[in-house]
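To start, the structure under review is shown below, and the notes come after it.
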Protein chains: 2
Amino acid sequence: MATMHDVARRARVSVSTVSYVLTGTRPISEATRTRVLEAMAELGYQPNAMARGLASRRSRIVGLLMPMDERGLGATETAFVTGAAAAASAAGYHLVLSPVGAADPDVVRRLATQGMFDGVVLMEVQVDDGRVAALQEAGLPLVLIGRTGDTTGLSYVDIDFEQTVHEAVDHLVGLGHRRIVYVNHSASAIAAGYGPAVRTRDAFVAAMARHRLEPVMIASEDSAAGGRAALSAAVAQVPDLTAVLAMNESAIFGILGELAVRGRAVPGDVSVVSMVTSPQVAELVHPALTALTSPGAALGRIAMEALLRQLEGAAGQNHQQLLPCVLEIRGSTGPAAPPVGGAGGGAEPAGADPPDR
Amino acid sequence: MATMHDVARRARVSVSTVSYVLTGTRPISEATRTRVLEAMAELGYQPNAMARGLASRRSRIVGLLMPMDERGLGATETAFVTGAAAAASAAGYHLVLSPVGAADPDVVRRLATQGMFDGVVLMEVQVDDGRVAALQEAGLPLVLIGRTGDTTGLSYVDIDFEQTVHEAVDHLVGLGHRRIVYVNHSASAIAAGYGPAVRTRDAFVAAMARHRLEPVMIASEDSAAGGRAALSAAVAQVPDLTAVLAMNESAIFGILGELAVRGRAVPGDVSVVSMVTSPQVAELVHPALTALTSPGAALGRIAMEALLRQLEGAAGQNHQQLLPCVLEIRGSTGPAAPPVGGAGGGAEPAGADPPDR
DNA sequence: ACGGTTAGTCGAAGCGTTTCGACGAAGCGT
DNA sequence: ACGCTTCGTCGAAACGCTTCGACTAACCGT
């Protein structure tokens, strides 16, 4: 590995001159500049990242802090990561992936004071999140994906859940649906203050109220089995439901499966809308899902860009931005079935059509 | 940020002593050790990662090099990443995610000579991959996930595709299937020498030959639409096929959908086996998919552990390991339909739909 | 009682950069 | 022709750590 000394010697200049050529912090004559550049090329010189980091107190490394449990990442989270990674790499920064549980602010504090990160993006933020405080105390530039309850003085990007839910509900109500059930994330997620779960819950209540409808929400585990159970619970509670709104990308398939088993056609008998879903997933089933597709990669990218801006320029103001999911109407929603003839729990006139999907 | 000097002063020892306490490279008396430790605790001292890296020539950072195109990562690749990240973090290493296209060895070379990485794991290796040579020239410890054509002198872990395909074929043949079509990745992936695509193709030919059956392979784009097209092509070519073997996690849902549309029941008329698939995905559809589930996280972990071993101990020999996918029989396979009588036997409980993740 | 180890500690020399203060040589206005 | 900036360059001091070569005691066997 050639060092700056080697380059300096070969170009017959001092080390500092070489440094100035590299960083452009001081004027250098065209003549020496090219001489230095040539020397570098000839030696295949690459500046040493550690030394540079030590001397300049800027590592050009940013951290992406996220929980990483056994079940891996969902499509949306993966999109955050790839979006952020692409943005970092494009700006010449390295991106370190750090698995940090939502519950250990101490690990976060240690990371922060190691001086390895110029700044961090924190994912999967809880409404009340100790890690945020730890990071702030450490004085580390910080951008959240998601947000805490109190966001004053914080930079974040997040999905606009309120808007997203309203759009979903409006779409269904516009089709004539009145008895709409919302399948949220798990009860434990809600209890833990998981933002998306909590915010969509509240937004759903508000959206339904606006239409003078009664909001029924079911919490569901994040799995197909959870979805099946949730749909059963939904039907038990609202036997004549005509639409299901789901936030839970994992549960949605269970919901569809259970609907098929019960002989309720989609969208003939029941319309289904999936929120915060990727198009690939929505296209997987037949009929394809009407969905609110999440701007995952965009969020990751925007968060990273905001962080880098904070690192480069004036550490000035915070970047706070909400991006709604966009409604993409596909085959899983349709006009509400006409007012039910029979009452109660009766099965449906699913009739002829086999419940294939 | 407290430095070692501060700790040393407070503990009334020299800087080097503090360092020895930290690294354990030289014996330190119990008395001073505790004195130093106390000083650290009181000051909230954290060693500076950059300085340590510079002085010791070991950054404790490893790279995970992988292509990251727009469409993001599949479930299997994501599992590699999380597995590797967990292993790295458990060993006190940082993991840098570097998006590098399969086609730019120069970017890789630059990364390698920057001295930021102690070693790297390279994912999505092509059969003939310039990046491997670049990394080797740079003398950087290296482990592959996947493998090149010639693996002498290389460390890698990979899925045992040969074994996996044989198991899949044997399972189907054991159920009496004779006309089996294999849906592979896209033609362009195969042409590019994408290992999984190439190796499964060859293994499929071999496996079928062993049973004296004719191997029919269809290349399919990685999407539901691609899967539908592939199934159509398959039926066109082998109208009375009784089983489909798919390698393409994205296409599988299109295949199932198209099967349903054509009124072929799964597994009544056609059995379906999905290879290199995660249980979550397999469970998404109804009936759940018989699948060969990929040991994704395990591969990531093993690769990382092999790399770290190489970093710590003797840079000795290479770690070369193949892990087969394990067959998990679910509802999508069954006995072959009796020698063709009529076609459509009636409606089916078709099945299928689902998602990714 | 004496050279030879060994345990425990220190001081200083790096590691490869950045960055600060200096300094000579031009170039400027007047 | 005079001081004054500005330009271009240099040397040296950090940055916070690891590591090497000493050095001092205590301990060993003989």
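Below, chain A is the first sequence line, B the second, and so on; all start at residue 1. As the structure is a prediction and not an experimental result, all values here were calculated from the model. Keep in mind that the numbers below use all heavy atoms, side chains included, and drop hydrogens, waters and symmetry copies.
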Atom of [X], atom of [Y] and distance for their closest heavy-atom approach:
X: A:Ser29; Y: A:Thr32; answer: OG-OG1, 2.7 Å
X: A:Gln126; Y: A:Ala192; answer: NE2-O, 3.1 Å
X: B:Leu140; Y: B:Gly119; answer: CG-CA, 4.2 Å
X: B:Val81; Y: B:Met123; answer: CG2-SD, 4.3 Å
X: B:Ala86; Y: A:Met68; answer: N-CE, 4.3 Å

* Asked: With distance as the sole test, does A:Gln114 use its side chain to make a donor-acceptor pair with the main-chain N or O of B:Gln46 at under 3.5 Å?
  ->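 Here the side-chain-to-backbone pair does not exist.
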
* Is there a donor-acceptor pair under 3.5 Å between the side chain of B:Ser98 and the backbone N or O of B:Val100? ->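 The answer is no, because no donor-acceptor pair under 3.5 Å joins these two groups.
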
Please work out if [X] contacts a base, only the sugar-phosphate, or nothing of the nucleic acid, heavy-atom cut-off 4.0 Å.
X: A:Ser19; answer: base
X: B:Thr3; answer: sugar-phosphate
X: B:Val18; answer: nothing

* Asked: So, A:Thr17 and A:Ser14: side-chain donor and acceptor under 3.5 Å apart, yes or no?
  ->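 Present: a donor and an acceptor within the cut-off.
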
Pairwise side-chain contact, [X] with [Y], heavy-atom cut-off 4.5 Å (strictly under):
X: A:Val21; Y: A:Val18; result: no
X: A:Leu308; Y: A:Val62; result: yes
X: A:Val121; Y: A:Phe80; result: no
X: B:Ser294; Y: B:Ile159; result: yes

* Contact boundaries on DNA chain C for chain A, cut-off under 4.0 Å to non-hydrogen atoms ->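 Span of nucleotides near chain A: C:dG16 to C:dA22.
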
* **Watson-Crick and G-U pairing of DNA chain C, under 3.5 Å, as dot-bracket with | and [ ]** => ||||||||||||||||||||||||||||||

* Around B:Arg12, counting heavy atoms of other residues, nucleotides and ligands shown, do more than 12 lie under 6.0 Å from its CZ? ->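 Result for CZ/B:Arg12: open.
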
* Quick one, which residues of residues 50-58 of chain A touch DNA chain C with a heavy atom under 4.0 Å? ->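 Those residues whose heavy atoms fall under 4.0 Å from DNA chain C, taken from residues 50-58 of chain A in numerical order, are A:Ala51, A:Arg52, A:Ala55, A:Ser56.
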
* To do: May I ask you to list the residues of residues 20-32 of chain A, by number, that have any heavy atom positioned under 4.0 Å from an atom of DNA chain C?
  =>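 Result for residues 20-32 of chain A: A:Tyr20, A:Thr23, A:Arg26, sorted by number.
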
* Asked: Among A:Asp128, A:Asp158, A:Asp129, whose salt bridge (Lys or Arg N to Asp or Glu O under 4.0 Å) with A:Arg147 holds?
  ->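 The residue from A:Asp128, A:Asp158, A:Asp129 that satisfies salt bridge (Lys or Arg N to Asp or Glu O under 4.0 Å) with A:Arg147 turns out to be A:Asp158.
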
* Under 4.0 Å from any heavy atom of chain A: name the first and the last nucleotide of DNA chain D that qualifies, 5' to 3'. =>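 On DNA chain D, the outermost contacted nucleotides are D:dG8 to D:dG16.
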
* All ring pair (Phe, Tyr, Trp, His ring centres under 6.0 Å) counterparts of B:Phe117, not counting sequence neighbours ->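 Partners of B:Phe117 by the ring pair (Phe, Tyr, Trp, His ring centres under 6.0 Å) criterion, ordered by chain and then number, come out as A:His94.
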
